[in-house]
Colleague: 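The structure that follows is given in the form of structure tokens.
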Amino acid sequence: MTDIVKQAESYEANELFDIKNSYYIGNYQQCINDAQKEPPNYGNLRLQRDIFMYRAYLAQKKFGIVLAEIKSNSAAELKPFKLLAEYLQNSGDRSLILKSLEQELESMYEINHSLVIVAATIYNHEHNYESALRVLNNDDTLEGVALSLIIYLRMNRVDLAIKEFRKLREKDEDATLTQMAQAWLNLAMGGEKLQEAYYIFQELTDKYGVTALLLNSQSVCYIGQGEYKKAEISLRDALEKDSNDIDSLVNSLYISGHVKVPVDVTKRQLNMLRDAYPNSDFIKTYNKKEAEFDLLSQSYQ
């Protein structure tokens, strides 16, 4: 019986590989296209395909599709993504959504991987890293460990991120998530590690295709090395893939002073960010600094 279960898990893993891989490297439309092909009615396969399909829709900010299609009688593993859609779509007071999330976590008697990932994602957005890590503590899946690594990097705890990477490598050193985690670590370390990170992103591009996420990641390597012209080219290609990608827009704005971008173009990029992502950390910080600068300027008039 154990052999049969292992065979089933191996079969599902192989069937889901392209779908998951497309999601992880940022090829969200390909993930959706593959997930919408008629899946075999084998074990948990159909549910897992639906999970990644809805996650890809969320990544594309198509919240309405997720809200409309995931209903009260949907599978328990799908419902958390409706909560995430409500959170991401809501730009105002999210206290009720956070309260609902806490109630869901309190009533979770056995690990619901989807709920754990959604909770950690929301807490990450809220900069509540302690709660995110606490939720992830009991999730030893490859994705759960990778998310813990990302949160440690956001906390500037490279030492703890390295420990999470070792767990990933023990689980599956060839997995796309493990390779990307290695590149993220290299970016955080800087110096000579930046070139190693670039090669990892390039290898993923060569194997699985070009995406805005991978191009933007390569641009970060160039920025860290002071190669702003090369970064500009990578970011231009990234924005051709996804003209509304926040990371590519922010990085383009950052390098504009180094590559002598016309002022009107820089202002346009800033306005695009303000229009598309008014509640992002970048715009909130920018607006705050702008107000402080204006106040300081008035004192010298």
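None of these values were measured; they are calculated from a predicted model.
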Colleague: F165 and side-chain contact (heavy atoms from CB on, under 4.5 Å): which partner among L149, V145, V158?
Modeller: L149

Colleague: Minimum heavy-atom separation for Q30 to S22, with atom names?
Modeller: CG-OG, 3.8 Å

Colleague: Taking the side chain as C-beta and beyond, is there a heavy-atom pair between S148 and I151 under 4.5 Å?
Modeller: no

Colleague: Does the side chain of I117 reach to within under 4.5 Å of the side chain of E143, using non-hydrogen atoms?
Modeller: yes

Colleague: Is it true that H127 and Y129 share a donor-acceptor pair across their side chains at a distance under 3.5 Å?
Modeller: yes

Colleague: Using the rule that Ile, Leu, Val, Met, Phe, Trp and Tyr join whenever any side-chain heavy atoms are under 4.5 Å apart, tell me whether L187 and Y254 fall into a single cluster.
Modeller: no

Colleague: Would you please classify the geometry between the Y23 ring and the F52 ring as parallel, tilted or perpendicular, with 30° and 60° separating the classes?
Modeller: perpendicular

Colleague: Quick check for you: to the nearest 0.5 Å, what is the distance between E106 atom CD and L101 atom CG?
Modeller: 10.0 Å

Colleague: Say whether, by atom type as modelled, one donor and one acceptor occur between the side chain of S234 and the main chain of S219 under 3.5 angstrom.
Modeller: no

Colleague: State, to 0.1 Å, how close A85 and L58 come at their nearest heavy-atom pair, and which atoms those are.
Modeller: CB-CD2, 3.6 Å

Colleague: Where is the tightest heavy-atom contact between A119 and V135, given as atom of each residue plus distance?
Modeller: CB-CG1, 4.0 Å

Colleague: For I97, does its backbone N or O pair with a side-chain atom of S100 as donor and acceptor, under 3.5 Å?
Modeller: no

Colleague: Applying the 4.5 Å side-chain criterion to the ILVMFWY set and letting contacts propagate, would Y198 and L204 be lumped into a single cluster?
Modeller: no

Colleague: Tell me whether the rings of Y54 and Y57 are parallel (<30°), tilted (30 to 60°) or perpendicular (>60°).
Modeller: tilted

Colleague: Of all residues at least two apart in sequence or in a different chain, which pass the side chain to side chain donor-acceptor pair (under 3.5 Å) check with Q60?
Modeller: Q29, K62

Colleague: Tell me whether K229 contacts the main-chain N or O of V259 through its side chain, where contact means a donor paired with an acceptor under 3.5 Å.
Modeller: no

Colleague: Is it true that E196 and K193 have a side-chain N and a carboxylate O under 4.0 angstrom from each other?
Modeller: yes

Colleague: If you count every heavy atom of other residues, nucleotides or ligands that lies below 6.0 Å from Y277 atom OH, does the total exceed 12?
Modeller: yes

Colleague: Assigning hydrophobic clusters by single linkage (Ile, Leu, Val, Met, Phe, Trp, Tyr; side-chain heavy-atom cutoff under 4.5 Å), is L84 placed with I150?
Modeller: yes

Colleague: Does any non-hydrogen side-chain atom of Y286 lie less than 4.5 Å from one of R274?
Modeller: yes

Colleague: Taking side chain to side chain donor-acceptor pair (under 3.5 Å) as the definition, give me every residue that meets it alongside K241, ordered by chain and number, with sequence neighbours left out.
Modeller: none

Colleague: SG/C221 to OH/Y199 distance, rounded to the nearest 0.5 angstrom?
Modeller: 11.0 Å

Colleague: With a 4.5 Å limit on heavy-atom distance, are the side chains of E126 and R94 in contact?
Modeller: yes

Colleague: Just verifying a value: how many Å separate I19 CD1 and N33 CG, rounded to the nearest 0.5 Å?
Modeller: 10.5 Å

Colleague: What I'd like to find out is whether the side chain of K20 reaches to under 4.5 Å of the side chain of Y24, using heavy atoms alone.
Modeller: yes

Colleague: Could you pull out the closest heavy-atom pair between L115 and E104, with the gap in Å?
Modeller: CD2-O, 3.7 Å

Colleague: Taking it one step at a time, do D294 and Q298 satisfy side chain to side chain donor-acceptor pair (under 3.5 Å)?
Modeller: CA-CA 6 Å; D294 290 342; Q298 291 174 10; over 6 Å; no

Colleague: Is it true that R154 and D281 make a salt bridge, defined as a side-chain N closer than 4.0 Å to a carboxylate O?
Modeller: yes

Colleague: Would you check if L215 and Q218 make a side-chain contact, meaning some heavy-atom pair closer than 4.5 Å?
Modeller: yes

Colleague: Does the side chain of S114 reach to within under 4.5 Å of the side chain of I51, using non-hydrogen atoms?
Modeller: yes

Colleague: Tell me if the CD atom of Q103 is crowded by more than 12 foreign heavy atoms within 6.0 Å.
Modeller: yes

Colleague: Taking I246 as the starting point, is it possible to reach I25 by hopping between hydrophobic residues whose side chains are less than 4.5 Å apart?
Modeller: no

Colleague: Does a donor on one side chain and an acceptor on the other come within less than 3.5 Å for N90 and E86?
Modeller: no

Colleague: Carefully, step by step, assess Q269 and L273 under the rule side-chain contact (heavy atoms from CB on, under 4.5 Å).
Modeller: CA-CA 6 Å; Q269 290 174 337; L273 276 166; 5.8 Å; no

Colleague: Between the side chains of Q182 and N186, does any donor sit under 3.5 Å from an acceptor?
Modeller: yes

Colleague: Just by distance, do the side chain of N251 and the backbone of D247 share a donor-acceptor pair under 3.5 Å?
Modeller: yes

Colleague: Go through the steps to decide whether M180 and L213 satisfy the test side-chain contact (heavy atoms from CB on, under 4.5 Å), and finish with yes or no.
Modeller: CA-CA 11 Å; M180 294 184 77; L213 188 153; 3.6 Å; yes

Colleague: CD/E232 to NZ/K260 distance, rounded to the nearest 0.5 angstrom?
Modeller: 12.5 Å

Colleague: Does L296 sit in a hydrophobic cluster with other residues, and if so which ones, taking ILVMFWY side chains as linked at heavy-atom separations under 4.5 Å, directly or through other members?
Modeller: Y300

Colleague: To the nearest 0.5 Å, how far apart are CG in L249 and CG in N244?
Modeller: 6.5 Å

Colleague: Donor-acceptor pair, distance only, cut-off 3.5 Å: does the side chain of S243 make one with the backbone of L239?
Modeller: no

Colleague: Could you walk me through whether L185 and L153 pass side-chain contact (heavy atoms from CB on, under 4.5 Å), step by step?
Modeller: CA-CA 8 Å; L185 266 178; L153 289 179; 4.1 Å; yes

Colleague: Looking only at heavy atoms, what is the nearest atom pair of A231 and I223, with distance?
Modeller: CB-CG1, 3.8 Å

Colleague: If you define the side chain from C-beta out and look only at heavy atoms, does anything of I283 sit under 4.5 Å from N287?
Modeller: yes

Colleague: Please name the pair of heavy atoms, one in C31 and one in A56, separated by the smallest distance, quoted to 0.1 Å.
Modeller: SG-CB, 3.9 Å

Colleague: Is L16 reachable from L142 through a run of I, L, V, M, F, W or Y residues, each pair having side-chain heavy atoms under 4.5 Å apart?
Modeller: yes

Colleague: Between D245 and N216, is there a side-chain donor-acceptor contact under 3.5 Å, judged purely by atom types and distance?
Modeller: no

Colleague: Would you please test L88 and H125 for side-chain contact (heavy atoms from CB on, under 4.5 Å) and show each step?
Modeller: CA-CA 9 Å; L88 294 173; H125 274 278; 3.9 Å; yes

Colleague: Between atom NZ of K167 and atom CD of E164, what is the distance when rounded to the nearest 0.5 Å?
Modeller: 4.0 Å

Colleague: More than 12 non-hydrogen atoms from neighbouring residues, nucleotides or ligands closer than 6.0 Å to NZ on K61, yes or no?
Modeller: yes

Colleague: Could you tell me whether the side chain of T178 and the main chain of D172 form a donor-acceptor pair under 3.5 Å?
Modeller: yes

Colleague: Is there a donor-acceptor pair under 3.5 Å between the side chain of K171 and the backbone N or O of D140?
Modeller: yes

Colleague: Any donor-acceptor pair under 3.5 Å linking the side-chain atoms of N21 with those of T176?
Modeller: yes

Colleague: Would you find more than 12 non-hydrogen atoms of other residues, nucleotides or ligands less than 6.0 Å from E290 atom CD?
Modeller: yes

